[in-house]
Every structure is written in C-alpha cells, then in structure tokens.
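The structure appears below as structure tokens.
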Number of protein chains: 2
Amino acid sequence: MDFFEYIKQVGNEIILEKGTHLFRQGDENEFLHFIKEGTLKAYYNNADGKETIKSFIMPNDIIGSLTSAYLGKKCSFSLKCLSDCKVIKFSFAKLVIDSSTNQQIANKMVEFLTIFAMKKEQREYELLCLSAEDRYRLLVNDKPDLLEMVTQNDIAKYLGITPVGLSRIKNRQ
Amino acid sequence: MDFFEYIKQVGNEIILEKGTHLFRQGDENEFLHFIKEGTLKAYYNNADGKETIKSFIMPNDIIGSLTSAYLGKKCSFSLKCLSDCKVIKFSFAKLVIDSSTNQQIANKMVEFLTIFAMKKEQREYELLCLSAEDRYRLLVNDKPDLLEMVTQNDIAKYLGITPVGLSRIKNRQ
DNA sequence: CCATATTTTTAACCTGGGTTAATGATCGAT
DNA sequence: ATCGATCATTAACCCAGGTTAAAAATATGG
C-alpha cells in the first residue's frame, strides 16, 4: 500500500483555524501530523520566557514530537497553526507496529526518517557553524518564498535572534 | 537476523591509528561505521578556517555521512580517530536495499533512525535555545565522562565557542 | 629525563547581537 | 473608516564571547 493511502486510512482528517495549537510544550502527544493545507510553526518557550522557532511546516510535511510519540515523554515544543490548516493525524506507535509487519510501510519509514535526519543535520550545521547574518543570507537564498509567508518576527525567532537583531542585519549591506 | 550479526556479516573490520581520518570533508563516502573500540570526532572545517565539532563518537555508535551515503553527495564533515580505533564499515546503500526485503533489518533501521533523529533534535534545541554557558553546564551534567576523554579545546569546538571562551566560562562561578 | 608540542589560562581590546523603549507602519475586526 | 493590536525600524547602551598574543601548565616522544 502507498504511504499516503496508509495515512489516509489509519488517520483522522482535522480542520484547524489559524492560531490553534495541535499540542503544547509539556503535553503528551503520540501523533504525527501530515499537513494537507496551511503553514505551522514548531516552537520552544525558553526558560527566560522568550520564544524560538524550531521549524516551519508546509503542505506535504509530516510533523510531530518524536520524543513524545516514540518514548512517551512530554513534548519539548509547541505546534501552532499560522494559517487555517487541514491535517491528517495518525499514531506514530501504530505506524511503527504496522511497519514491523508491512515491508512497504517500513521502506517508506526508512526513507522518511533518513530525509528527516538529514534535514536536522543541516540545521545543526547552520546553528553550529554560521553567524546569524550568514544564516539569514542562506535562508534568503534557499527559501525566498518562506520570507513572504511568515512575519519577520518569526524569521528572527527561527534564526535564533531577536526581531531587533534581524532588522539590523537586513539593513546592513 | 540480529542487526549486529548483519553488520558483522556484510561489513569489514578495520583497525585505525589515532589521528587517522575515515573520510574528509569533500570526499564521497558511502559507508556507515560501527565503532567497536575508540573515540572519534566528526568535525567541520568552516569557511573562516576554524574548526567546529559536530559530534563525538563512542563505542557502539554508528557514524557516517548520510548525505553522502544516501544522496551520493560529498561529505560535509570529516571523521577522525581521537584514539586507536576498531570499526566495522558497511555500505549504507546495501543496508537500505537489504532492509527493503528483510523485515527484521528494516525494523532495526527504523529504530536506529528514530533514535538518531531524536539526538539531532536535542542538539538543535541546545544550539537554538541555550547560551554557550548553559550548553557547557548541561554537558557537565549529562556527559561528565566525555570531559575526561577529550581535550577542552575540542569541548569548546563542540559547544560552538573558542577554547578561550570556554576557559572563561569555566572560571566563572 | 629532557625538549618540544600541545593545551589551558590570562589579559586587553573588539564586535555582533541583546535589551529597552519609542516611533511608525500594517493588519484585522467591527 | 477607525481603533487596537501586531509588526518593523531606530537609537542608546550593554554584555557574552571573539581575537590576538603571551605566559603557564601538561603531555609526549625520543
């Protein structure tokens, strides 16, 4: 069975208004979410009260808290709709079980997890090796459309700096 | 078949002297490496000539460049032995192929990739949300043994700061 | 055990981005 | 169209960590 067919079959489609949370930091949530429509942000509320954005999520992405879904721990971040959204939520635990007896599902899982891991490694690289300004320049180059879709405040929080800092960077040459 | 049995069967055991590179940034390398003995570092040579350390690798860890192994691109980092090492190298492409027809291998792949992805997310969190000082305090708490095994220079490069910076942090109360 | 290399610390000075706060620009709901 | 809320910019000041360089402490190979 095709992976998307699988998700449609085992999952539940839900409609969410802009501003709604799928889950909040501290919740337990065993689901992954396939995004059919809309944009979301996954973000941390830091100890000092500030927010930083872990990632933006777009149509066809899959998002969820692995630590909560796989280990049963609490979500380390919150997931919020930046626009009205249509998503299919499905159980990660069930997916792991189903993939353990269905080779096709397992293959898709391997592919999905490998690509996910590579994305996380890229982000790690950017945060470890690049200055905030370099990260911004790279984003402008690699995802110019993203800049149109979310506020500059959120871009700053994604880059790990403040909106004031980003405004300064933009107005440097 | 057990996963470790699989690795032993398809892989090649190699002995490496301290200081040897398994691969260098810019190489193509399709292998994953299971570490039987020794400590290694995965590190970037940044554009400005500085080095930053992506991760330390210990016995029973598996390390390789996913982007090179899975996508055939060049390795974005180098992998070097910090001590004499015994490792088993095996092809990632072959692993993916074998896992596509062997459910047991596939299950292990899913487990391995999920745990790997969670580790990368934890690192992302630390780099995005914590100050260098907080990252150091966390490391002291979570991996005190690591501090004994590698130089302070390398700890600094792992935290994303300079050795001078780390020395200062240590000598703050 | 000595000589050399590497690691760690210290000091002086610098800079990117944080903080606070005020101002203006936009957006959205009524 | 208007009001309040959010967003973006600017300015003044601050600070964590970078840079350079030198000294002190440790390792390491012969």
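Predicted model only: the values in this text are computed from it and were never measured. The basis for the numbers below is simple: all heavy atoms, side chains too, and nothing from hydrogens, waters or symmetry mates. Lettering of chains follows the sequences in order, A, B, ..., and the numbering in each one begins at 1.
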State whether a side-chain donor-acceptor pair under 3.5 Å links A:E126 with A:Q122.
yes

Could B:E133 and B:R137 be called an ion pair, given the rule that one side-chain N must be under 4.0 Å from one carboxylate O?
yes

What is the first contacted nucleotide of DNA chain D and what is the last, in 5' to 3' order, if contact means an atom lying under 4.0 angstrom from a heavy atom of chain A?
D:dC7 to D:dA12

Atom CZ in B:R168, atom OG1 in B:T162: separation rounded to 0.5 Å?
6.5 Å

Classify the side chain of A:R168 and the base of C:dG18 as holding, or not holding, a donor-acceptor pair under 3.5 Å.
yes

Whichever of A:D134 and A:K18 has its nearest DNA chain C nucleotide further upstream toward 5':
A:D134

Could you check whether B:F31 and B:F23 have their ring centres less than 6.0 Å apart?
no

Tell me, please, whether A:Y158 has A:R123 positioned over its six-membered ring: NZ or CZ under 6.0 Å from the ring centre and within 45 degrees of its axis?
yes

Please report, to 0.1 Å, the donor-acceptor pairs under 3.5 Å made by any side chain of residues 37-49 of chain B, with sequence neighbours excluded.
from, atom 1, to, atom 2, distance (Å)
B:E37, OE2, B:K86, NZ, 3.4
B:K41, NZ, B:E51, OE2, 2.8
B:K41, NZ, B:D154, OD1, 3.3
B:Y43, OH, B:H21, NE2, 2.6
B:N46, OD1, B:T52, OG1, 3.3
B:N46, ND2, B:T52, OG1, 3.3
B:D48, OD1, B:K50, N, 3.0

Do you know the tightest heavy-atom contact between A:T114 and B:L113?
OG1-CD1, 3.4 Å

Any luck finding a side-chain donor-acceptor pair between A:K74 and A:Q25 under 3.5 Å?
no

How sharply is the helix from C:dC1-D:dG30 to C:dT30-D:dA1 bent, taking the axes over five pairs at either end and rounding to 10 degrees?
60°

For DNA chain D, find the residues of residues 149-165 of chain A with a heavy-atom distance under 4.0 Å and give them by number; none if there aren't any.
A:T151, A:Q152, A:N153, A:V164

For DNA chain D, which residues in residues 43-54 of chain B have a heavy atom at a distance below 4.0 Å?
B:K50

Side chains of A:E111 and A:N107 only: does a donor on one sit below 3.5 Å from an acceptor on the other?
no

Just N and O in the side chain of B:K170: are any of them under 4.0 Å from OP1 or OP2 of C:dT8?
no

Non-hydrogen side-chain atoms of B:L16 and B:D84 separated by less than 4.5 Å:
no

Name all pairs fulfilling the salt bridge (Lys or Arg N to Asp or Glu O under 4.0 Å) condition that reach into residues 16-29 of chain A, sequence neighbours left out, sorted by first residue then second.
none

For A:E30 and A:K94, run salt bridge (Lys or Arg N to Asp or Glu O under 4.0 Å): C-alpha distance rounded to whole Å, both residues' side-chain angles, the deciding distance at 0.1 Å, then the answer.
CA-CA 10 Å; A:E30 57 154 327; A:K94 178 162 168 49; over 6 Å; no

Quick check: A:F34 with A:F4 (ring centres under 6.0 Å apart)?
yes

